[in-house]
Amino acid sequence: MHIRGDHVELVVGGRLDVRSAADARTVLHSAVDDGIGDLVLDLTELDSWDATGLGVIMGAHRRAGRCGRRLVLRGVPPQMQRLLVATRLHRILAIEGGLAVDALPRV
C-alpha cells in the first residue's frame, strides 16, 4: 500500500488491509489534523480493501467530522462501490460524482 499527497488530497494505492491499516491510519489522521476544508481520498489506484481497511476509512471520516472537515472519496472502484452499497455506508460517506449505476441495488 502507498499513500501520497497532503492535507487536502491523498492518493491511496495497492491494498488497504489488516497489514497496512496502522500506517494508513497514521497518515490519514495526520492529514485530517493538519488541514481545513474537504480532504479528498482518491482511490483510483486502490486494488482492494478488507474490513479493516474500510474501518480505517470510517475512522478517518469520523475524525474529519470532529475536526469540522469532510472526507470525500474519489474514484471508488466498482467492486468497492458495491461493498459500500451493501453495507449502506454510501449513505454516510461523501462520494465525489456519486455511485455507478451498476453498484446500486436492483429494485
Side-chain angles (χ1 to χ4, degrees):
M1 186 228 28
H2 65 273
I3 299 177
R4 65 180 189 279
D6 55 24
H7 57 273
V8 175
E9 181 176 343
L10 294 172
V11 178
V12 181
R15 296 174 53 115
L16 182 54
D17 57 18
V18 69
R19 284 178 245 129
S20 59
D23 292 336
R25 186 178 297 111
T26 300
V27 172
L28 288 173
H29 286 188
S30 292
V32 167
D33 295 346
D34 293 343
I36 58 172
D38 288 352
L39 172 61
V40 176
L41 197 58
D42 187 331
L43 305 177
T44 54
E45 298 177 15
L46 190 64
D47 297 326
S48 65
W49 63 20
D50 65 6
T52 306
L54 185 54
V56 169
I57 290 175
M58 290 307 299
H61 164 77
R62 285 190 298 275
R63 189 179 190 105
R66 288 192 303 268
C67 292
R69 298 188 73 187
R70 187 174 73 136
L71 184 72
V72 179
L73 303 182
R74 173 186 291 157
V76 181
Q79 70 274 20
M80 294 173 211
Q81 287 185 26
R82 287 189 289 277
L83 179 62
L84 292 176
V85 169
T87 57
R88 296 182 183 221
L89 293 174
H90 70 290
R91 296 179 180 190
I92 298 169
L93 295 168
I95 302 170
E96 187 178 84
L99 295 173
V101 175
D102 61 343
L104 299 174
R106 309 255 189 263
V107 189

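We're numbering straight along the sequence, starting at 1. Computed over heavy atoms, backbone and side chain alike; hydrogens, waters and symmetry mates excluded.
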- Pairs in or reaching into residues 54-65: which pass salt bridge (charged side-chain N to carboxylate O under 4.0 Å, His left out), with residues at least two apart or in two chains? D33-R63
- Query: Are L89 and V85 grouped together when hydrophobic residues (ILVMFWY) are joined by side-chain heavy atoms under 4.5 angstrom apart?
  - Reply: yes
- Message: Quick check for you: to the nearest 0.5 Å, what is the distance between R4 atom CZ and E9 atom CD?
- Response: 9.0 Å
- Query: Under 4.5 Å between side-chain heavy atoms, hopping through other hydrophobics if needed: is there a path connecting V40 to L28?
  - Reply: no
- Query: L39, V72: one ILVMFWY side-chain cluster at the under-4.5 Å cut-off?
  - Reply: no
- Message: So, using side-chain contact (heavy atoms from CB on, under 4.5 Å) as the criterion, who are the partners of T44 when residues are at least two apart?
- Response: D42
- Message: Please find the pair of heavy atoms, one from L46 and one from P77, that lie closest to each other, and give the distance.
- Response: O-CG, 3.8 Å
- Task: Calculate, to the nearest 0.5 Å, the distance between atoms CG and CG belonging to L16 and D47 respectively.
- Result: 11.0 Å
- Query: Do L71 and V27 belong to the same hydrophobic cluster, where Ile, Leu, Val, Met, Phe, Trp and Tyr are linked whenever their side-chain heavy atoms lie under 4.5 Å apart, directly or via other members?
  - Reply: yes
- Query: Roughly how far, to the nearest 0.5 Å, is CD of Q81 from CG of L83?
  - Reply: 11.0 Å
- Considering the options I57, V76, I3, which one meets the side-chain contact (heavy atoms from CB on, under 4.5 Å) requirement together with L41? I57
For residues 91-100, tabulate all N or O donor-acceptor pairs below 3.5 Å that involve a side-chain atom, not counting sequence neighbours.
unit_1, atom_1, unit_2, atom_2, d
E96, OE1, R74, NE, 2.7
E96, OE2, R74, NE, 3.4
E96, OE2, R74, NH2, 3.2

- Listed partners of D34 passing side-chain contact (heavy atoms from CB on, under 4.5 Å), at least two apart: H7, S30
- Side-chain heavy atoms of L43 within contact of W49, under 4.5 Å: yes
- Message: To the nearest 0.5 Å, what is the distance between NE2 on H90 and CZ on R88?
- Response: 8.0 Å
- What pairs with T26 under side-chain contact (heavy atoms from CB on, under 4.5 Å), at least two apart in sequence or on another chain? none
- Message: Quick check: closest heavy atoms across C67 and V32, and the distance to 0.1 Å?
- Response: SG-CG1, 3.9 Å
- If you measure from CG on D17 to CG on L54, what distance do you get to the nearest 0.5 Å? 12.5 Å
- R19 side chain reached by M1 side chain, heavy atoms, under 4.5 Å: no
- Query: Tell me, which pairs form a salt bridge (charged side-chain N to carboxylate O under 4.0 Å, His left out) where one or both residues lie in residues 64-73, sequence neighbours left out?
  - Reply: D38-R70
